[in-house]
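Values below: all heavy atoms of this structure, side chains included; hydrogens, waters and symmetry mates excluded.
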Amino acid sequence: MSIRLRLTLWYTAILSATLLLLGLGLYLFLHYIYYDNLKTEIQQQAGGVASRIKPQLNTLGQYSLIPNIRDLPKTNNVIYQVTNLVTGEVISLPDAEQTGMKIPDVTDEKVKCILNGQCQFERMSIQGYSFMVYYVPLVQQYTGNVLGVMQAAYSIEQYESLLALLRLVLTVIGLISVLIAASVGWFLARKALRPIEQVIAATNRIENGVDLDKRIEYTGPNDEIGELTQTINGMLGRLQNAYTELEEAYGAQRRFVSDASHELRTPLTTIRGNMELLEKMWKQTALTSGEQDNAKMELTLEAMHDISGEAERMSRLVNDLLSLARADAGFQMTKDEVELQPLLDEIARKAQLLPKTAEWIVGQTKAAEGIYVYGNEDYLRQLLFIFLENAFKYTEQGQVRLDTLRHGGQIGIRIEDTGIGMDKSEIPLIFERFYRADPSRGRKSGTGLGLSIAKWIIDEHQGSVEVKTRKDEGTTFIIWLPIAAEWSGKTPQVRDNSLRPKNQV
């Protein structure tokens with residue numbers, strides 16, 4: 001929920017509560033005033049009528065309660081009814097037959113309630129009209145006996161209509177006020193928060209364009225939003241300076257690694273070439289020299305062999321550094337559809353020539369038949385040789401196996417060995433640069449950059465690598481690559497066009 005909507009809801013809720021309290025208070029106040037005045041008026045009129053009713057003895061020795069019609073107030077809103085509790089006679093004034101209105105007779109329970117002074121007023125509906133009924137007990141003056149009850153019914157239709165109209169007016173005015181307040185609140189909240197929206201939009205433009213030179217433009221007052229804008233602009237300035245310095249340092253580092261790698265490759269190649277030439281010359285000389293000279297030549301050849309080995313190791317390190325420098329510089333390798341089976345056949349054939357003491361086994365690779373991956377053939381070849389060289393290096397006895405498997409739209413190249421393995425805790429670290437597992441450190445030659453290069457090549461091909469290992473039992477690497485096309489019959493079936501560049505079909 002946005003801040004604008006929350007502010008609007010708060011405005012509306014507060015106003016609604018205020019209007020509800022005011023409307024309810026006004027309605028209850030007017031309701032109380034109207035009916036209190038009405039009760040007072042009924043009491044005065046009914047009291048005057050009741051005082052004029054004189055009990056008279058009839059021929060049967062019973063008291064009759066007959067009010068004088070001439071003493072009744074001249075009003076059409078009041079109906080009187082006298083009930084003689086002794087004889088049970090009920091007299092309606094005016095006559096019920098003339099008005100069509102008759103007040104319900106009083107019951108014994110009602111009489112008891114009246115005598116206790118509790119049921120003096122009662123609201124009831126007579127013939128569909130609302131009336132306020134006032135009960136007056138008729139007491140004999142000398143004996144104090146209750147002879148009857150007079151009911152005075154006052155029509156309250158005009159009051160009910162007035163209060164109903166008041167409820168309607170208050171409801172309509174309240175709803176209209178809430179709607180107006182919600183609309184105005186939404187507009188004001190939007191106007192108040194528009195600078196924040198401008199700040200967000202400008203920040204998004206800067207983020208999407210990665211252009212830290214831009215600043216947020218703000219022309220409003222120097223309030224909280226103005227201070228926020230100034231703070232963000234200041235932060236962008238500091239980020240720009242830090243980013244520029246970092247880019248310069250990072251660029252200088254990349255240039256240094258790249259330049260150093262290029263510069264070191266030439267003298268190392270020259271050293272290796274000259275050492276190989278000298279080694280051949282000394283071997284030829286050894287065939288025609290004496291025994292003492294042969295001993296010197298052997299020492300010299302051994303020194304040359306060590307120099308050549310170190311030069312070769314440095315050449316590999318320089319080549320690895322150059323590959324990583326290209327990766328850091330954002331190097332984009334050229335890619336095309338590569339048929340996987342011929343590449344695996346070539347790798348299997350050349351792997352026999354690698355230095356090794358373990359048995360080399362080529363398993364089933366039928367899963368790769370007719371499969372094409374989108375990538376760079378040279379880098380894929382380098383990727384597989386990195387894993388194979390590591391497998392042979394850390395497997396002194398046992399076997400190294402290559403096969404393939406398939407899962408959905410991916411082809412997996414599995415390289416499994418029975419070498420020294422490693423702890424599972426080391427798996428997240430083996431692809432870091434210069435990291436080498438503890439059991440092999442100092443025992444096997446290497447730079448610790450091979451798997452870092454392999455991980456970069458896998459990422460460039462939108463693939464993944466799965467590692468399974470147990471210490472002293474071996475390690476299994478499964479390289480998963482997305483299938484770009486599959487040869488089925490006479491026509492290839494494209495599996496995933498997203499792997500192709502956008503300018504290709």
Side-chain angles (χ1 to χ4, degrees), residues 323 327 331-352 354 358-392 394-395 399-419 427-428 430-431 450-470 474-505:
S323 298
F331 171 75
Q332 296 293 329
M333 60 180 66
T334 58
K335 299 178 183 178
D336 200 356
E337 287 186 355
V338 179
E339 188 175 1
L340 193 58
Q341 185 62 50
L343 179 62
L344 293 178
D345 293 339
E346 178 187 353
I347 296 297
R349 178 175 52 82
K350 291 185 177 180
Q352 298 177 357
L354 294 176
E359 180 184 1
W360 169 236
I361 300 176
V362 179
Q364 291 289 339
T365 60
K366 289 185 178 180
E369 292 181 357
I371 297 299
Y372 288 80
V373 297
Y374 190 76
N376 186 289
E377 185 174 355
D378 294 334
Y379 280 101
L380 288 174
R381 187 180 293 108
Q382 181 184 2
L383 168 67
L384 294 176
F385 273 116
I386 288 174
F387 284 105
L388 288 175
E389 288 175 351
N390 275 351
F392 287 132
Y394 297 114
T395 307
Q399 62 184 21
V400 176
R401 180 184 180 89
L402 171 69
D403 59 6
T404 59
L405 61 158
R406 181 171 175 176
H407 181 72
Q410 291 188 324
I411 184 71
I413 305 172
R414 178 165 55 191
I415 299 174
E416 182 179 5
D417 65 66
T418 58
I427 293 178
I430 59 177
F431 295 103
L451 291 181
S452 299
I453 298 173
K455 186 64 169 62
W456 168 66
I457 297 174
I458 292 173
D459 291 340
E460 286 293 316
H461 286 78
Q462 300 182 17
S464 60
V465 59
E466 181 179 350
V467 185
K468 300 178 182 179
T469 183
R470 294 189 68 176
T475 303
T476 300
F477 289 94
I478 304 177
I479 304 166
W480 293 101
L481 298 174
I483 298 174
E486 180 178 358
W487 188 270
S488 177
K490 298 182 179 180
T491 57
Q493 298 179 353
V494 177
R495 300 290 296 179
D496 192 353
N497 287 326
S498 64
L499 301 176
R500 300 171 178 264
K502 292 184 179 179
N503 57 354
Q504 292 189 9
V505 180

Let me have the donor-acceptor pairs involving side chains of residues 341-350, under 3.5 Å, with sequence neighbours excluded, atom names and distances please.
unit_1 : atom_1 : unit_2 : atom_2 : d
Gln341 : NE2    : Asp345 : OD1    : 3.0
Gln341 : NE2    : Thr365 : OG1    : 3.2
Glu346 : OE1    : Arg381 : NH2    : 3.2
Glu346 : OE2    : Lys350 : NZ     : 2.9
Glu346 : OE2    : Arg381 : NE     : 3.0

Completion exercise
dist Leu481:CG -> Gln462:CD (nearest 0.5 Å) comes out at 10.5 Å
Completion exercise
CH2 of Trp480 to CD of Gln410, rounded to nearest 0.5 Å, is 7.0 Å
Exercise for the section: Mind running side chain to side chain contact (heavy atoms under 4.5 Å, CB included) on Ile386 and Phe477 for me, showing each step along the way? Expected result: CA-CA 11 Å; Ile386 288 174; Phe477 289 94; over 6 Å; no
Problem - Heavy-atom closest contact (Ala484 atom, Tyr374 atom, distance) - result: CB-N, 3.6 Å
Handout entry: Reported CD-to-CD1 distance for the pair Gln382 and Ile457, which is rounded to 0.5 angstrom
Key = 4.5 Å
Problem - Interatomic distance, Glu416 atom CD to Thr395 atom OG1 [nearest 0.5 angstrom] - result: 10.5 Å
Fill in the blank from the handout: Separation between CD (Glu377) and CD (Glu339), nearest 0.5 Å, reads 10.0 Å
Fill in the blank from the handout: Phe431 and Ile427 have their tightest heavy-atom pair at CD1-O, 4.3 Å
Completion exercise
With Val338 as partner, the option from Val373, Asn376, Asp378, Ile371 fulfilling side-chain contact (heavy atoms from CB on, under 4.5 Å) is Val373
Handout entry: Counterpart residues, side-chain contact (heavy atoms from CB on, under 4.5 Å), relative to Arg414 (two or more places apart)
Key = Asp403, Leu405, Thr476, Ile478
Exercise for the section: Over all heavy atoms of both residues, which pair between His461 and Tyr379 is shortest? Give the atoms and the distance, please. Expected result: CE1-CB, 4.4 Å
Problem - Heavy-atom pair of closest approach, residues Ala368 and Leu340 - result: CB-CD2, 4.0 Å
Handout entry: Heavy-atom pair of closest approach, residues Gly408 and Ile483
Key = O-CD1, 4.4 Å
Fill in the blank from the handout: Smallest heavy-atom separation, Ala391 atom then Ile415 atom, equals CB-CG2, 4.3 Å
Practice task
Indicate yes or no for a side-chain donor-acceptor contact from Asp417 to the backbone of Val400 under 3.5 Å, with no hydrogens or angles considered.
Solution key: no
Problem - Residues which pass side-chain contact (heavy atoms from CB on, under 4.5 Å) with Gln399, listed by chain and number, not counting sequence neighbours - result: Glu359, Ile361, Thr418
Exercise for the section: Could I get the full list of salt bridge (charged side-chain N to carboxylate O under 4.0 Å, His left out) partners for Lys366, not counting sequence neighbours? Expected result: none
Handout entry: side-chain contact (heavy atoms from CB on, under 4.5 Å) partners for Ile458, two or more places apart
Key = Leu383, Phe387, Val465, Ile479
Exercise for the section: Look up atom CD in Glu389 and atom OH in Tyr394, then write down how far apart they are to the nearest 0.5 Å. Expected result: 11.0 Å
